> 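One structure is given below, represented as C-alpha cells, and several questions about it will come after.
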Amino acid sequence: MLAGWVNGTRDHGGVIFIDVRDREGLTQVVFRPEENAELAKQAHTLRGEDVIQVSGRVAARLPGTENPNLPTGDIEIIPNELRILNRADPLPFPLDTEPQNEDLRMTHRYLDLRRRRFACNLWIRHRAAKATRDYLDSQGFVEVETPILSKSTPEGARDFLVPSRIMPGKFYALPQAPQQYKQLLMVAGVEKYFQIAKCFRDEDLRADRQPEFTQIDIEASFVTPDDIFALTERMLAAIFKAARNIEIKTPFDRLTYREALERYGSDKPDRRFTMELVDLGETFRESSFKVFRGAKGLAFIKIENSEWKSPIVKFFNDAEKTTLQSKLNIQEGDCVFFTADKWEIACEVLGRLRLRIAEMQDLHGRARSPGAPDWDFLWVIDFPLFEWSADENKWNAMHHPFTRPKAEDMLLFEEEKFSEVRAEAYDVVLNGVEIGGGSMRIYEPELQDKMFEALSIKPNDRESQFGHLLRAFRLGAPPHGGIAFGLDRLVMLICGEQSIRDVMAFPKNNRAMDLMTQSPAEVDPKQLRELRIRLAGAAPESRAPSGPK
Ligand code: ASP
C-alpha cells in the first residue's frame with residue numbers, strides 16, 4: 001500500500017501514469033483501462049497534490065521505460081484499489097519550479113516544505129540535532145531546559161519583552177541566550193550541561209539572522225579552553241558525519257584575533273582562497289607619497305604588459321618598488337590594492353575588498369584553486385576583552401560581561417589598560433562564517449564586580465540586573481567555561497544553502513513576520529486590559545540597535 005500526494009499525472013492515450021510522492025520520494029502508479037476500467041476512470045479525475053492511497057502489486061517497468069533518475073525508476077505499481085483521501089485546490093504556485101515570490105512561498109510554507117530540497121533540509125537538521133545529543137550524551141553532558149520567560153541578559157541585542165498579567169507593569173524578557181542560567185547550573189554542580197535552546201533577539205534581519213533561532217549551548221566546570229576545543233571538534237565531526245556523511249579534518253587550526261585581522265582583514269576569515277593582506281607599514285614609513293604617511297585612502301596598481309599602471313606609482317622610489325615586488329610577489333596580470341588608515345580600519349576595508357574580489361572572481365566556484373578545502377574550520381582565539389563605543393563613550397564587552405580576561409593580561413586589567421586586555425574567548429569559523437563562540441567565565445564575585453565597573457554599570461544596576469549571579473558566585477562557584485553554536489547557520493552550511501530561512505520549518509520574513517499565520521498581529525482589547533496596557537498609537541518605524549557579538 002502506498003499513500004501520498006499526486007506529484008504529477010500523464011495521460012498516454014488512456015493509460016494514466018501517476019507519480020505518487022511520499023516522504024521517501026516518487027513512485028509511479030499505472031492505471032490501464034484494459035486492466036481495470038473503473039480505476040482508470042477514477043484516476044482520470046486526479047489533480048496535482050490530491051492525497052491518495054493505492055494498493056496493488058509492484059511490477060518491473062517494461063524494458064526501455066525505466067527512469068534511471070529515480071531510485072524507484074525500475075518499478076511501477078499496478079493498482080487494484082485507489083482511495084482518494086482528499087482533493088487539493090489549484091496550487092498558489094507550482095512545486096516543481098523555483099518560485100521567485102518569497103512572500104507567496106512563506107504564506108504557504110507547508111507547500112514549500114513539500115519540495116524535495118526543503119524536505120531534505122529538515123532531515124539533515126534532524127540528523128545534526130540528534131548527533132549533537134548523542135555525542136554530548138556519550139561525553140556525560142546532561143540536557144537541561146532553562147526558562148523562556150526569563151530576565152533580560154546583556155547579550156548585545158534588543159530584548160523581546162513579555163508583559164506580566166499577574167504583576168502589572170513588570171516584564172519578562174525572552175532569552176537572547178541561556179547564558180546566566182547555564183552559569184548558574186555550574187554553580188548548582190551540574191558540571192556538564194548542554195541544551196538545544198531557542199534564543200530570541202529583536203534586531204534587524206539579514207539572510208543569516210532571525211528573531212528566533214536555535215543554539216547548541218554548552219557549559220562545563222573545571223575545564224580549560226583546550227577541553228572545549230577538543231569537545232567541539234569531535235562534536236562537529238560527529239554532526240557532519242551523521243548529517244551528510246562528511247569527514248572533517250581535526251584538530252582545527254588556531255589563529256589569534258590579531259593574526260586573523262592582519263592576514264585576512266576579518267575575525268571570521270575565509271581561507272578557502274589565499275589573497276592574504278600584507279602590512280607595508282615599514283616599507284612606506286618614509287614614503288614621499290602622503291597617503292602612506294597618515295592620510296586615508298584606497299589606491300591600486302595594475303600590472304599589465306610588465307608595466308605598473310597606477311596613478312600613485314610615480315610617487316614610489318626604486319627601493320620601495322623592489323620591496324613591494326618581493327613582499328607581494330607581484331606578477332603579470334595582478335592588481336594590488338592599498339589602503340592607509342588606522343590598523344583596525346585598514347584591516348577591515350581590505351578584508352571586505354578581499355571577499356568582494358573573491359565573489360567577483362568566483363573563487364569558491366569555477367575559479368577555485370585545486371586543493372582548496374571544502375570545509376575550512378578554524379578557531380579564532382585571544383579576542384580583545386573590550387571594545388570602545390564612541391557613541392556611548394564607554395567600554396563594552398566584546399563577547400559578554402561574564403568573559404574572563406586572559407590570565408597573562410590580568411595585570412593590564414587591574415591597571416585599567418582596557419584596550420590591551422585579551423579575553424579567554426574563542427570563536428569557531430567555518431568557510432568564513434562564525435558558527436560558534438564562547439569563553440572561560442569569571443567565577444569570582446570580586447572580579448565580576450570589577451568587570452561591571454569597567455563596563456560603567458552602576459552599583460544599583462549591578463545589584464538589580466546581576467545580584468543573583470554575584471550572590472551565587474559567593475556561595476561556591478566552580479571555574480567554568482562554555483560555548484554556543486548557531487544550529488541554523490551550521491545546518492545552512494551543511495545543506496549548502498545561502499539563508500538560514502531555508503533550514504527552518506517556519507521562518508519569519510525580513511520584516512520579522514510569519515506570513516502564514518499573519519503574526520505579529522493585533523490582539524483583543526480585553527487581553528490588553530488584562531495586562532494593563534494601553535496603546536499609545538502606531539510607533540514610528542524604528543531601527544534596532546547594532547547586533548550581538
Ligand atoms: N551565550 C553566548 C552567545 O550566545 C555564548 C557563550 O558564551 O557560551 O553568544
Side-chain angles (χ1 to χ4, degrees), residues 132 136 141 143-148 150-160 173-187 190-203 208-221 223-225 227-229 231-232 235-236 257 267-268 379-387 396-406 422-430 433-443 448 451 455 465-466 469 478-490 500 546-549:
T132 302
L136 291 172
F141 281 74
E143 183 161 23
V144 183
E145 289 167 72
T146 52
I148 295 294
S150 57
K151 197 172 164 172
S152 182
T153 45
E155 296 280 336
R158 186 180 282 159
D159 287 320
F160 280 101
L174 304 185
Q176 293 187 28
Q179 183 61 35
Q180 292 186 55
Y181 288 111
K182 68 173 173 173
Q183 292 193 239
L184 290 163
L185 284 171
M186 294 303 105
V187 182
V190 168
E191 200 175 313
K192 292 175 170 187
Y193 145 95
F194 85 100
Q195 181 181 192
I196 298 192
K198 272 282 171 121
C199 304
F200 306 85
R201 297 178 187 181
D202 187 3
E203 55 193 348
D208 61 353
R209 293 238 169 113
Q210 280 276 303
E212 61 179 294
F213 59 97
T214 308
Q215 279 190 349
I216 302 171
D217 196 39
I218 297 177
E219 196 78 9
S221 299
V223 288
T224 62
D227 295 327
I228 301 283
F229 294 171
L231 180 84
T232 293
M235 182 186 84
L236 287 170
Y257 170 85
D267 61 359
K268 40 180 190 300
W379 290 102
V380 177
I381 57 172
D382 293 355
F383 279 85
L385 186 63
F386 297 99
E387 61 188 349
N396 283 337
M398 191 155 191
H399 190 49
H400 53 55
F402 317 112
T403 296
R404 260 192 113 62
K406 260 180 109 71
R422 289 165 305 165
E424 201 70 272
Y426 32 78
D427 275 359
V428 198
V429 177
L430 169 56
V433 178
E434 181 209 320
I435 56 167
S439 59
M440 292 292 121
R441 323 297 186 192
I442 296 171
Y443 58 95
Q448 187 64 73
M451 182 69 185
L455 298 171
Q465 287 180 32
F466 307 109
L469 197 70
H480 59 282
I483 192 161
F485 303 86
L487 180 65
D488 314 280
R489 277 191 206 175
L490 186 61
I500 60 171
S546 63
K549 297 295 146 261

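These figures come from a predicted structure and were not determined experimentally. Both counts, for ligands and for their atoms, begin at 1 and track the order of listing.
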> Please list, in number order, the atoms of ligand 1 under 4.0 Å from a heavy atom of Ile483.
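In order of number, 8 (O).
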
> With heavy-atom distances below 4.0 Å as the criterion, list the atoms of ligand 1 near Gly438.
6 (C), 7 (O)

> Answer with yes or no whether Glu219 contacts ligand 1, where contact means a heavy atom under 4.0 Å from a ligand atom.
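Checking ligand 1 against Glu219, which is what was asked, there is no heavy-atom contact under 4.0 Å.
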
> Run the numbers for me: atoms of ligand 1, each under 4.0 Å from some heavy atom of Gln215, listed by number.
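So the atoms of ligand 1 that pass are 3 (C), 4 (O).
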
> Just by distance, do the side chain of Tyr257 and the backbone of Val380 share a donor-acceptor pair under 3.5 Å?
no

> Is it the case that the side chains of Asp159 and Gln176 hold a donor-acceptor pair, with the cut-off being a distance below 3.5 Å and no angle test?
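Yes, side-chain donor-acceptor contact under 3.5 Å.
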
> I'd like to know whether ligand 1 has Arg201 as a neighbour, heavy-atom separation below 4.0 Å.
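Right, Arg201 reaches ligand 1.
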
> Number the atoms of ligand 1 from 1 as they appear, then name those within less than 4.0 Å of a heavy atom of His399, with their elements.
6 (C), 7 (O)

> In a check of side-chain hydrogen bond (donor to acceptor under 3.5 Å, both in side chains) between Arg441 and each of Gln183, Gln448, His480, Glu219, which one passes?
Glu219

> Give, for atom CD1 of Ile442 and atom CG of Leu385, the distance between the pair rounded to the nearest 0.5 Å.
7.0 Å

> Which of the atoms in ligand 1, numbered in the order shown and given with their element, are less than 4.0 Å from a heavy-atom of His400?
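Counting from 1, the qualifying ligand atoms are 2 (C), 6 (C), 7 (O).
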
> Please name the pair of heavy atoms, one in Gln215 and one in Arg201, separated by the smallest distance, quoted to 0.1 Å.
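Smallest heavy-atom distance, with atoms named: NE2-NH2, 3.7 Å.
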
> Below 4.0 angstrom from a heavy atom of Lys182, which ligand 1 atoms are there? Numbered from 1 as shown, please.
6 (C), 8 (O)

> Is Arg441 close enough to touch ligand 1? Criterion: a residue heavy atom under 4.0 Å from a ligand atom.
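Contact present.
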
> Does one side chain, of Thr146 or Gln195, offer a donor that lies under 3.5 Å from an acceptor on the other?
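Yes, because at least one side-chain N or O of Thr146 sits under 3.5 Å from a partner of the opposite role on Gln195.
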
> Hey, what do you get for CD1 (Ile435) to CD1 (Ile483), rounding to the nearest 0.5 Å?
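Between atom CD1 of Ile435 and atom CD1 of Ile483 there are 8.5 Å.
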
> Tyr193 vs Phe141, test: ring-ring contact (aromatic ring centres under 6.0 Å, His included). Steps then yes/no.
CA-CA 5 Å; Tyr193 145 95; Phe141 281 74; 8.6 Å; no

> Can you name the atoms of ligand 1, numbered from 1 with element, that are less than 4.0 Å from a heavy atom of Ala484?
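That gives atoms 5 (C), 8 (O) of ligand 1.
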
> For atom 5 (C) of ligand 1, tell me which residue out of Ser439, Ala177, Gly437 has the closest non-hydrogen atom.
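The nearest heavy atom belongs to Gly437.
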
